[in-house]
Amino acid sequence: MKEGPNIAEVASLIGEPARANILTALMTGKALTATELAHEAGVTAQTASSHLRKLEDAQLVTQRKEGRHRYFSLGGEDVAQALESLMGLAAGRGHLRTQTGPRDSALRHARVCYSHLAGDMGVHMFQSMQASGHFATSKNGLVLSPSGTEFVSELGLNLETLPPSSAPMCRECLDWSARQSHLAGRLGRAMLAQIITLGWAKRIPDSRVVQFSKSGQLNFEDTFGCFPAPE
């Protein structure tokens, strides 16, 4: 008998098209109802409920009840990380959705990856901080350097007040569209939240798109260096 993790079982759960659409919809980081997820998956409510039970049994999604409604979220940041990696693998091998439109360029420019900034803007932010010496490496992976701690403090972030989490402070996440790393982890989550708090950008409802205002784009470039405007 083979030993070790059963990747075939997890892969089969993720690989079914309707379930893949459900999981992708939850990459916004928002909790959604079964009805909303049925719409995203293009299946009936009954079929969506069946898929959600399987995903919940495998701990790929979790649910909570609020009144008469049940809301579903991804099972954790490790699930989101695996999904983003699969998106990068699929994009790199040419397995792309055939439907294109204006929203695609917006997603590539700036989007939320579960809880942090992704797309060209996220990659640029990470590369700028890296080039400025704000990161260092340790046996546990990526960490903030002293200059990095000072830099995020100047942005208004107090690392000591971040919500407790088992996630690392800093982590590289491979961006599926840019094929380069952006910043994840607790700091990645806090940076996106601060960008929104500062009014530089906002989340587009029912979408993964993060939309920067003109002034927000300028503030971002003042902080992280010039960035070409989206086409």
Side-chain angles (χ1 to χ4, degrees), residues 27-30 77 80-81 84-85 87-88 91-92 96 100-137 141-163 167-231:
M27 283 291 285
T28 61
K30 296 181 179 179
E77 192 162 341
Q81 181 182 354
E84 185 78 4
S85 295
M87 291 176 186
L96 301 172
T100 59
R103 185 167 155 179
D104 294 312
S105 60
L107 278 171
R108 284 169 170 76
H109 183 61
R111 67 179 181 275
V112 63
C113 174
Y114 188 55
S115 60
H116 49 270
L117 182 64
D120 294 338
M121 297 288 279
V123 169
H124 181 73
M125 182 178 76
F126 177 75
Q127 291 179 343
S128 172
M129 293 179 67
Q130 195 172 42
S132 298
H134 295 332
F135 297 118
T137 55
L142 200 68
V143 296
L144 267 179
S145 66
S147 70
T149 301
E150 181 179 355
F151 174 76
V152 299
S153 177
E154 290 174 352
L155 278 178
L157 289 178
N158 184 346
L159 299 180
E160 295 182 357
T161 63
L162 295 185
M169 178 63 72
C170 306
R171 179 175 63 78
E172 290 188 49
C173 183
L174 180 64
D175 194 286
W176 67 259
S177 57
R179 321 280 172 81
Q180 299 179 78
S181 294
H182 58 247
L183 178 64
R186 296 170 63 202
L187 180 61
R189 182 185 303 123
M191 292 285 283
L192 175 58
Q194 185 66 359
I195 285 171
I196 293 173
T197 297
L198 290 171
W200 296 1
K202 63 181 180 180
R203 293 279 305 274
I204 300 300
D206 303 319
S207 170
R208 294 178 66 193
V209 172
V210 176
Q211 184 180 70
F212 279 75
S213 65
K214 290 183 179 180
S215 60
Q217 183 87 23
L218 291 174
N219 286 324
F220 182 93
E221 292 178 358
D222 285 341
T223 303
F224 299 104
C226 291
F227 187 87
E231 297 180 0

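Throughout, residue positions are numbered sequentially from 1 according to the sequence presented. Remember, predicted model here, so these are calculated numbers, not experimental data.
- Residues Met191 and Leu117 have side chains not in contact (no heavy-atom distance under 4.5 Å, counting atoms from C-beta outward).
- Under the 30°/60° scheme for interplanar angles, the aromatic rings of Phe220 and His124 are found to be tilted.
- Sorted by first and then second residue, the ring-ring contact (aromatic ring centres under 6.0 Å, His included) pairs with a member in residues 185-206 form an empty list; sequence neighbours excluded.
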Exercise for review: Give the C-alpha distance, both sets of side-chain angles, the deciding distance and a yes or no for side chain to side chain contact (heavy atoms under 4.5 Å, CB included) between Arg203 and Val210.
Suggested key: CA-CA 5 Å; Arg203 293 279 305 274; Val210 176; 4.0 Å; yes
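- Residues His182 and Glu84 are in side-chain contact: their nearest non-hydrogen atoms beyond the backbone lie under 4.5 Å apart.
- The nearest pair of heavy atoms linking Arg111 to Ser177 is NH1-OG, 3.0 Å.
- When every heavy atom of Ser115 is checked against every heavy atom of Leu192, the shortest pair comes out as O-CD2, 3.7 Å.
- Here the closest non-hydrogen pair linking Ser128 and Phe224 is OG-O, 2.9 Å.
- For the pair Phe212/Asn219, no side-chain contact is recorded, criterion being any heavy-atom separation below 4.5 Å from C-beta on.
- With Asp175 contributing its side chain and Gln180 its backbone, the two residues share no donor-acceptor pair below 3.5 Å.
- Shown here for Ala110 and Met121, the closest heavy-atom pair between the two residues is CB-CG, 3.7 Å.
- The CE atom of Met87 sits 12.0 Å away from the CG atom of Leu174 when rounded to the nearest 0.5 Å.
- Atom SG in Cys170 sits 11.0 Å away from atom CD in Gln130 (nearest 0.5 Å).
- Considering all non-hydrogen atoms of both residues, Gln194 and Gly156 come closest at NE2-CA, 3.8 Å.
- At a threshold of 4.5 Å between non-hydrogen side-chain atoms, the residues Val143 and Met169 do not count as touching.
- Contact annotation: the side chain of Glu172 never approaches that of Leu183 to less than 4.5 Å [non-hydrogen atoms, C-beta and beyond].
- Distance CD/Gln217 to NE2/His109: 4.5 Å, rounded to 0.5 Å.
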Which atom pairs, donor and acceptor, lie under 3.5 Å between side-chain atoms of residues 144-155 and protein residues at least two apart or in another chain?
{"from": "Ser145", "atom 1": "OG", "to": "Gly133", "atom 2": "O", "distance (Å)": "2.6"}
{"from": "Ser145", "atom 1": "OG", "to": "His134", "atom 2": "O", "distance (Å)": "3.3"}
{"from": "Ser145", "atom 1": "OG", "to": "Ser147", "atom 2": "OG", "distance (Å)": "3.0"}
{"from": "Ser145", "atom 1": "OG", "to": "Gly148", "atom 2": "N", "distance (Å)": "3.2"}
{"from": "Ser147", "atom 1": "OG", "to": "Gly133", "atom 2": "O", "distance (Å)": "3.0"}
{"from": "Ser147", "atom 1": "OG", "to": "His134", "atom 2": "ND1", "distance (Å)": "3.1"}
{"from": "Thr149", "atom 1": "OG1", "to": "Ser145", "atom 2": "O", "distance (Å)": "3.3"}

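- For Arg186, the salt bridge (Lys or Arg N to Asp or Glu O under 4.0 Å) criterion is met by no residue, not counting sequence neighbours.
- The main-chain N or O of Thr28 is never found under 3.5 Å from a side-chain atom of Arg208 such that the two would form a donor-acceptor pair.
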